[in-house]
Amino acid sequence: MPEPVFAGLAPAPPDSILGLTEAFRADPRPGRISLAAGIYQDETGRTPVLASVAEAERRMLTAGAAKTYKPIGGEPSYTGPVRALVFGDDHPALVDGRAETLHTPGGTGALRVAADLVHRLSPGAAVWLSRPTWPNHPQVFEAAGLPVRWYPYLDEGGSRLDLDGMLTALAGAAPGDVVVVHACCHNPTGTDLPADAWGRLAAVVADRGLLPLVDFAYQGFGDGLDEDASGVQALAAEGVTALVASSMSKNFALYSERVGALSIVGATREEAAALASHAKVAVRANYSNPPGHGGEIVATVLGDPALRAQWVDEVAVMRDRINGNRARFVAQLVADGVAGGPDALLDADALLRQRGMFSLLGLSAGQVARLRDEFAVYVVAGGRINVAGLTAANLEPACAAIAAVFAKG
Ligand code: LMR
């Protein structure tokens with residue numbers, strides 16, 4: 001019997017977000033509550049297939065298009081409308097032909113293509129991430145061979161943006177380094193850059209010769225499809241070179257179809273085209289060309305005025321439910337004595353200002369473990385709550401469990 005090639009190999013730890021979904025599914029306790037992975041759910045706990053998406057799929061089935069390879073960067077019928085969704089039709093970068101878009105497998109795929117592109121062109125570059133950030137960010141960039149550095153994001157109290165601290169740290173970044181910022185609905189804090197921060201960020205980026213990479217996973221889930229894009233659009237209007245990783249997982253509820261895009265804004269049209277050509281080499285060496293189905297759905301919806309209008313309404317329904325849930329969540333935490341004015345354990349006003357799917361409560365690792373082990377409530381490290389997972393049925397028990405773990409320290 002030969003020795004196993006990987007004899008003695010210890011298993012890798014479970015993923016800090018998707019691993020919780022697996023643990024939740026295996027948990028036999030009745031009444032268990034998952035507020036972990038960022039997946040939208042309706043009041044019945046279901047993740048709906050949007051009516052606009054179902055209609056697009058019906059039309060696609062009827063049309064019966066062949067399933068040949070896509071172009072490496074995707075079809076213009078997808079990349080064009082997605083680029084316009086991110087930047088707006090009249091944005092100077094589009095008018096000047098300085099923006100290119102590639103269809104990628106999800107927002108995570110866009111981040112990885114961006115990472116491979118940077119490693120190919122600037123192998124010595126580091127990637128600066130907000131502390132805290134989405135737990136998958138560091139491993140995506142490190143997997144591409146890029147070292148990670150951190151900039152502060154929240155103040156010591158953990159509930160307000162520390163913009164000065166962030167920009168001071170970034171002023172120490174080396175030319176060519178990448179700065180990852182969240183366009184809206186910051187994951188995990190829900191605390192976004194205000195409108196006037198984007199110009200200040202652009203000034204630091206231009207001064208230091210940095211490359212901004214904007215993670216845009218939640219367009220439409222904060223204040224609106226256009227409103228959520230205002231920061232990206234302001235940055236791109238400054239004439240800096242920038243990358244934008246978009247996801248259609250959330251706003252089209254196409255999680256399993258893996259639909260995303262990498263947009264490349266060049267300081268010049270030539271720079272954008274050259275960067276896109278190198279990004280295509282990175283794609284070809286990775287997954288070759290993008291999967292078809294999800295992108296065709298998005299192209300069908302965005303390309304038909306009536307379907308598009310229906311989709312815009314459906315995004316508004318999801319956003320309104322999330323914002324309503326946040327208000328109910330905070331009201332329940334106040335009723336349970338956990339949140340209140342600035343002197344309470346949690347600042348209710350700060351929680352209410354958060355945007356998007358997540359609310360960050362600042363729980364210790366022990367409190368998060370107790371929520372899971374004693375109360376069968378699953379949340380992500382730090383106490384990141386997916387407020388879209390709250391329903392009339394689980395709101396009170398979830399908040400009671402949170403109050404209990406706070407009470408026990
Ligand atoms: C999340 O942060 O929960 C989502 O973006 C899902 C994921 O891939 O981690």
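Whatever order the structure lists ligands and atoms in, that order sets their numbers, starting from 1. In this text, all values refer to a predicted model and were calculated from it rather than measured experimentally.
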Are Phe358 and His186, when compared by the centres of their aromatic rings, separated by less than 6.0 Å?
no
Among protein heavy atoms, which sits nearest to atom 8 (O) of ligand 1, and what does the distance come to when rounded to 0.1 Å?
Trp134 CZ2, 3.6 Å
Nearest heavy atom to atom 3 (O) of ligand 1, choosing from Gly38, Ala36, Gly107, belongs to Gly38
If we ignore angles and hydrogens, is there a donor and acceptor under 3.5 Å between the side chains of His182 and Thr133?
yes
Within the 3.5 Å criterion, strictly below it, is a donor on Thr241 or Glu271 matched to an acceptor on the partner's side chain?
yes
Arg319 CZ to Arg355 CZ distance, which is reported to the nearest 0.5 Å
10.5 Å
Under a 4.0 angstrom heavy-atom cut-off, which atoms of ligand 1 come close to Arg384?
1 (C), 2 (O), 3 (O)
Donor-acceptor contact present, side-chain Tyr287 to main-chain Gly109, <3.5 Å
no
Quick one: which ligand 1 atoms are inside 4.0 Å of a heavy atom on Ala37?
3 (O)
among protein heavy atoms, the one nearest atom 6 (C) of ligand 1 is Lys250 NZ, 3.9 Å
Between Asp215 and Trp134, do the side chains contain a donor N or O and an acceptor N or O under 3.5 Å apart?
no
So for ligand 1, is Ile17 a polar contact partner (N or O within less than 3.5 Å, distance only)?
no
The answer for which part of Tyr255 has a heavy atom under 4.0 Å from ligand 1 is neither
Examine the proximity of ligand 1 to Asn187 and report which part, side chain or backbone, both or neither, has a heavy atom under 4.0 Å away.
side chain
